[in-house]
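Below is one structure; the comments refer to it alone.
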Amino acid sequence: MNNIVKFKNVYKKYGSIDALKGINLNIPKGKIVGLLGPNGSGKTTMIKIMNGLLTTTEGEVLINGMKPGIETKKIVSYLPERTYLNDWMKVKDIIDFFKDFYEDFDEIKALQMLRTLEIDENRRLKTLSKGTKEKVQLILVMARKADLYILDEPIGGVDPAARSFILDTILKNFDENSTLLIATHLISEIENICDEVIFLAYGEIALQGNVDEIRAEKQKSIDALFREEFRC
Ligand SMILES: Nc1ncnc2c1ncn2[C@@H]1O[C@H](COP(=O)(O)OP(=O)(O)OP(=O)(O)O)[C@@H](O)[C@H]1O
């Protein structure tokens, strides 16, 4: 099986709101994929369906050939858009918690990444700045040895100077057989690490393809293309 994610004609309605309108998508293994789209285009809805937190109204989603559920949670490492970690815990206690909870959690890798980003593991989460908290959560998610990493807006609160350093740290620790799906508005920061991008608009895929091919064909960066397509 070459595709780690498959969407087959997926529709999602919230009452009368059509959040997803017939999504067909294959994400091959071993790629870094950017999921891009303006506010309300359906990115988080797609991600929640992939993680079994929402069901489809119509159509099917498969993760490595399986419906989202207990088995897929073992192979998917997910960073939600909002934190679920207890603020009063120390960073090192959260690491222990992850170690107990996930068989594939690599404590040494997590500690190395914390040190690289100069984060003190004895600090309580609530005493850290928003950006540092985001870094901790990202490190925890990336320290699992998963087949698929799904990151929903991972570095929005991190200052621009630190973003590329964090992305580099992630990539250095990233197994090339794994797949990384990043939903973000920070296109210029991530376009150079992505193999593919998916542009979502009004619950439909507006464009999908290889980053280099799109840039060559359109003669502009993905960031410029996005700004042009979705000018308000
Ligand atoms: N629980 C909900 N109840 C009703 N409508 C919802 C709910 N969650 C999302 N929606 C609607 O579904 C659509 C898609 O929302 P979604 O959060 O998936 O978009 P998004 O692309 O992740 O947006 P953002 O970039 O702002 O995070 C929007 O119109 C939103 O208002």
Side-chain angles (χ1 to χ4, degrees), residues 4-5 31-35 43-44 46-48 50-53 63-64 68-159 161-186 189-190 193-194:
I4 184 87
V5 177
K31 301 276 185 203
I32 300 180
V33 181
L35 181 58
K43 302 180 297 293
T44 297
M46 281 179 70
I47 286 177
K48 285 187 173 167
M50 284 185 252
N51 284 289
L53 300 173
I63 306 292
N64 213 21
I70 294 167
E71 285 310 306
T72 62
K73 287 202 167 96
K74 292 180 190 163
I75 61 164
V76 177
S77 190
Y78 166 46
L79 179 73
E81 65 178 339
R82 285 191 192 85
T83 181
Y84 55 95
L85 297 171
N86 285 319
D87 242 13
W88 50 267
M89 285 175 93
K90 287 185 179 171
V91 173
K92 65 177 181 193
D93 298 333
I94 304 173
I95 288 188
D96 286 341
F97 174 75
F98 262 65
K99 210 166 70 181
D100 290 344
F101 209 77
Y102 297 109
E103 272 178 28
D104 60 2
F105 184 72
D106 185 340
E107 182 186 12
I108 293 170
K109 193 184 262 187
L111 292 171
Q112 271 168 359
M113 285 197 267
L114 285 171
R115 271 163 218 157
T116 309
L117 296 178
E118 296 179 342
I119 299 168
D120 179 357
E121 66 240 41
N122 290 306
R123 294 276 294 270
R124 286 185 201 283
L125 212 55
K126 69 175 174 192
T127 69
L128 300 176
S129 70
K130 182 175 167 227
T132 307
K133 260 187 234 174
E134 282 188 2
K135 291 179 195 171
V136 170
Q137 290 175 80
L138 190 55
I139 286 169
L140 292 165
V141 168
M142 294 310 297
R144 284 185 58 195
K145 196 168 167 21
D147 292 334
L148 174 63
Y149 300 88
I150 301 179
L151 313 178
D152 196 352
E153 285 292 344
I155 48 168
V158 172
D159 66 88
R163 280 179 203 150
S164 58
F165 186 59
I166 292 173
L167 291 173
D168 282 351
T169 307
I170 289 174
L171 290 182
K172 273 193 203 115
N173 288 284
F174 178 68
D175 178 349
E176 61 183 30
N177 296 314
S178 299
T179 305
L180 180 59
L181 180 70
I182 313 178
T184 186
H185 297 286
L186 301 171
E189 272 89 350
I190 62 120
I193 68 161
C194 285

Separation between [atom1] of [X] and [atom2] of [Y], rounded to the nearest 0.5 Å:
X: Leu125; Y: Asn86; atom1: CG; atom2: CG; result: 9.0 Å
X: Leu114; Y: Lys92; atom1: CG; atom2: NZ; result: 12.5 Å
X: Ile119; Y: Met113; atom1: CD1; atom2: CE; result: 10.5 Å
X: Ile94; Y: Leu85; atom1: CD1; atom2: CG; result: 5.0 Å
X: Leu167; Y: Ile155; atom1: CG; atom2: CD1; result: 4.0 Å
X: Ile193; Y: Asp168; atom1: CD1; atom2: CG; result: 8.5 Å

- [ ] Could you tell me whether a side-chain N or O of Glu153 sits under 3.5 Å from a main-chain N or O of His185, the two making a donor and an acceptor?
- [x] yes
Open item on the list: Please check: side-chain N/O of Ser77 versus main-chain N/O of Val141, any donor-acceptor pairing under 3.5 Å?
Closed with: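 Flag set: sc Ser77 to bb Val141 pair under 3.5 Å.
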Task: Derivation and outcome, side-chain contact (heavy atoms from CB on, under 4.5 Å), residues Asp100 and Phe105 - done: CA-CA 9 Å; Asp100 290 344; Phe105 184 72; over 6 Å; no
TODO: Quick one: sort the Tyr102 and Phe98 rings into parallel, tilted or perpendicular, breaks at 30° and 60°.
DONE: tilted
State, yes or no, whether a side-chain contact exists between [X] and [Y] at a heavy-atom distance under 4.5 Å.
X: Leu181; Y: Met50; answer: yes
X: Met142; Y: Leu180; answer: yes
X: Asp152; Y: Lys48; answer: no
X: Ile47; Y: Leu35; answer: yes

Open item on the list: Leu79 and side chain to side chain contact (heavy atoms under 4.5 Å, CB included): which single residue from Ile150, Leu151, Ile182 fits?
Closed with: Leu151
TODO: Would you check, one step at a time, whether the test side-chain contact (heavy atoms from CB on, under 4.5 Å) holds for Val158 with Leu138?
DONE: CA-CA 11 Å; Val158 172; Leu138 190 55; over 6 Å; no
Open item on the list: Regarding Asp175 and Lys145, does a basic nitrogen lie under 4.0 Å from an acidic carboxylate oxygen?
Closed with: yes
Nearest non-hydrogen partners of [X] and [Y], listed with the distance:
X: Ala110; Y: Ile139; answer: O-CG2, 3.6 Å
X: Arg144; Y: Val76; answer: NH1-O, 3.0 Å
X: Ala162; Y: Lys135; answer: CB-NZ, 4.1 Å
X: Val91; Y: Asp120; answer: CG2-O, 4.1 Å
X: Leu171; Y: Ile32; answer: CD2-CD1, 3.5 Å
X: Arg115; Y: Glu121; answer: NH2-OE2, 3.2 Å

Task: CA sep, side-chain torsions, deciding dist, call: Arg124, Asp87, side-chain contact (heavy atoms from CB on, under 4.5 Å) - done: CA-CA 7 Å; Arg124 286 185 201 283; Asp87 242 13; over 6 Å; no
Open item on the list: Could you walk me through whether Val5 and Thr179 satisfy the side-chain contact (heavy atoms from CB on, under 4.5 Å) test, starting with their C-alpha distance in whole Å, then the side-chain angles of each, then the deciding distance to 0.1 Å, before giving a yes or no?
Closed with: CA-CA 9 Å; Val5 177; Thr179 305; over 6 Å; no
